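Only heavy atoms go into these numbers, but all of them, side chains included; no hydrogens, no water, no symmetry mates. Each ligand, and each atom within it, is numbered from 1 in the order the structure gives. What you see is a predicted model; the values in this text were computed from it and never measured.
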Amino acid sequence: MTEFEPVIGLEIHVQLASQTKLFCACPNGVGENSKPNTSVCPVCMGHPGVLPVMTEGAVRLAVRAGLALNCAIQKHSTFSRKHYFYPDLPKGYQITQYDEPINGAGFIEITYGPKDNLQKKKIGIHHAHLEEDAAKSSHESTYSLVDYNRAGSPLLEIVSLPDLRSPDEAYAYLTEIKRLMRWVGASNCDMEKGELRVDVNISLRPKGQEKFGTRAEIKNLNSFKGVREALIYEIARQTKILNEGGTVKQETRLWDKEELVTKPMRSKEDALDYRYFPEPDLPPLVLKESWLDEVKAQMPELPASKEARFMAAGLSAYDAGVLTSSREISDYFEAVTQSGKVTLKTASNWIQTDLLGLLHAEKKEIEDSPIPADRLAQLLEMVESGKITRKQGREVFEEIWKTGESPAAVVEKRGMVQVSDEAQLEEWAKAAIAANPKAVADYQKGNKAAIGALIGGVMKLSKGKANPKVMGKIFTQLLG
Ligand code: ADP
Ligand code: MG
Ligand code: ZN
């Protein structure tokens, strides 16, 4: 049997988080919180005699997105009309960029694979263009409803090159697009709210062959997990067809998330003719050099650069990835370590295991963390300097999470100090040895782990205040 290689390309729509819609002053992104058809005006409702006016906010976000995607920003771009007839499209056409998009070719770098063996790969971006969104229709049993609040919202469509070779790479690509768009504030990319929508194109070709095979396009994907599942299914479906000597039809298919299968929607022959033509009501979009310079100057440091810095300072690729999974997390991490008194590794461990775990459990974002970065820094400084033990540090962490007190206040209130005084430690060690002859015997028979029970004994006697490092040394001395 021939071995096949998947070839995958993604078309992603992200809703830009601008204040207004693309061509009118209606508030953008009012979403589910607003009553239907309240953020509308004659322009986005397509009334006769009105004209679209380009809004600056959306263009600015499109350019920020383009810069994050390493796209060649086009100082001159144009708009076209794409026609189809459906109640969600008030004008009977959508204003979109067709042959001259605002963002030309670019690329991103994706990371995928197991934690201890992460792979990186460059994925090309064909282009990313601006367009207006359609309304949202919902279908009831005998009628349909249309909410025009979303009609005319700005979308950026990001079209990848067919550079992806597996469902995992596609998943990693989506994750990276989302991280970048959120990072530069272009879009929130909440898929549940429809702020990110994705269509996937997939074909197979015999391994080693250069020419691409015939592709299917899959729509109706509403989670990253769904994308992965749909691709796995589609690879199996196309493999079977090809192995049986058949040919894959070029068609659009729909993902059924209940049955976990793709189903045919329309074939190439039924492809819609959109009758594209240049939009006569909008002049070309021309970006001034000075404006572009200002937008570039306002760009934050991008995640790839932060990741590289964190790794140069000694963090693993995995840790650097987690700590740059959002701009807010990376800012928090840098705020904790900025004094230079807390090592990157310590801050990384506490943020990943303690802080992010609890935030996740309570469904909170790091911006809403009950422990602000300067508080965690104070706590970790006490742990690093040996003022309190790691274990005590964990207790203080839990307490300040609940009460919002300062770490110093909790340490003071609870009389926490770490005891490093050797005479005192030796006294506790001797008591622990006397109380646990079995552990001593095991240790002397060569079971070095038995020392854990003895240190545990000291911790009990010292109420957790004994310095574990010095304890280890004392036990080695006493037991030989
Ligand atoms: P269309 O005009 O049908 O939208 P495009 O050329 O714009 O087609 O490509 C749409 C997407 O499909 C892009 O992301 C591209 O990378 C991907 N693509 C194109 N050809 C193939 C192929 N043979 N197999 C898989 N994906 C493909
Ligand atoms: Mg296309
Ligand atoms: Zn409007």
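- If you number the atoms of ligand 1 from 1 as listed, the ones under 4.0 Å from a heavy atom of Val159 come out as 13 (C), 14 (O).
- Taking the side chain as every heavy atom from C-beta outward, Thr324 and Phe310 approach each other to under 4.5 Å.
- Residues Ile351 and Leu376 meet the side-chain proximity criterion, which asks for heavy atoms closer than 4.5 Å.
- Residues Ile218 and Asn201 fail the side-chain proximity criterion, which asks for heavy atoms closer than 4.5 Å.
- Judged as a ring pair (Phe, Tyr, Trp, His ring centres under 6.0 Å), and not counting sequence neighbours, the contacts of His83 are Tyr93, Phe277.
- The line from CD1 of Ile235 to CZ of Arg237 is 11.5 Å long, rounded to the nearest 0.5 Å.
- The aromatic rings of Phe397 and Trp401 sit parallel, their planes meeting at an angle under 30°, below the 60° perpendicular limit.
- Here Thr403 pairs with Glu405 under the side chain to side chain donor-acceptor pair (under 3.5 Å) rule; sequence neighbours left out.
- Only the backbone of Leu10 comes within contact range of ligand 1, with a heavy atom under 4.0 Å; no side-chain atom does.
- Looking at Gly213 next to ligand 1, an N or O pair under 3.5 Å apart turns up.
- Between Ile202 and ligand 1, a contact under 3.5 Å exists for no N or O pair.
- Considering only non-hydrogen atoms, atom 12 (O) of ligand 1 lies nearest to Asn201 out of Thr214, Asn201, Leu204.
- Residue-level proximity to ligand 1 for Leu161 is carried by the backbone, the only part with a heavy atom below 4.0 angstrom.
- Counting only protein atoms, the N, O or S atoms lying less than 2.8 Å from the Zn ion (ligand 3) are Cys24 SG, Cys26 SG, Cys41 SG, Cys44 SG, ordered by chain and residue number.
- The pair Asp281-Arg81 meets the salt-bridge criterion, with a side-chain N (NZ, NE, NH1 or NH2) lying under 4.0 Å from an Asp/Glu carboxylate O.
- Of all atoms in ligand 1, listed by their number and element, those nearer than 4.0 Å to a heavy atom of Val7 are 24 (N), 25 (C).
- Note: Leu285 CG to Ile102 CD1 = 5.0 Å, rounded to the nearest 0.5 Å.
- Contacts of Ser339 classified as side chain to side chain donor-acceptor pair (under 3.5 Å), with partners at least two apart in sequence or in another chain: Glu381.
- Close contacts of ligand 1 with Ser160, meaning ligand atoms under 4.0 Å from a residue heavy atom, involve 13 (C), 14 (O), 15 (C), 16 (O).
- Looking at Arg215, Gln250, His126, Glu11 and measuring to atom 6 (O) of ligand 1, the nearest heavy atom belongs to Arg215.
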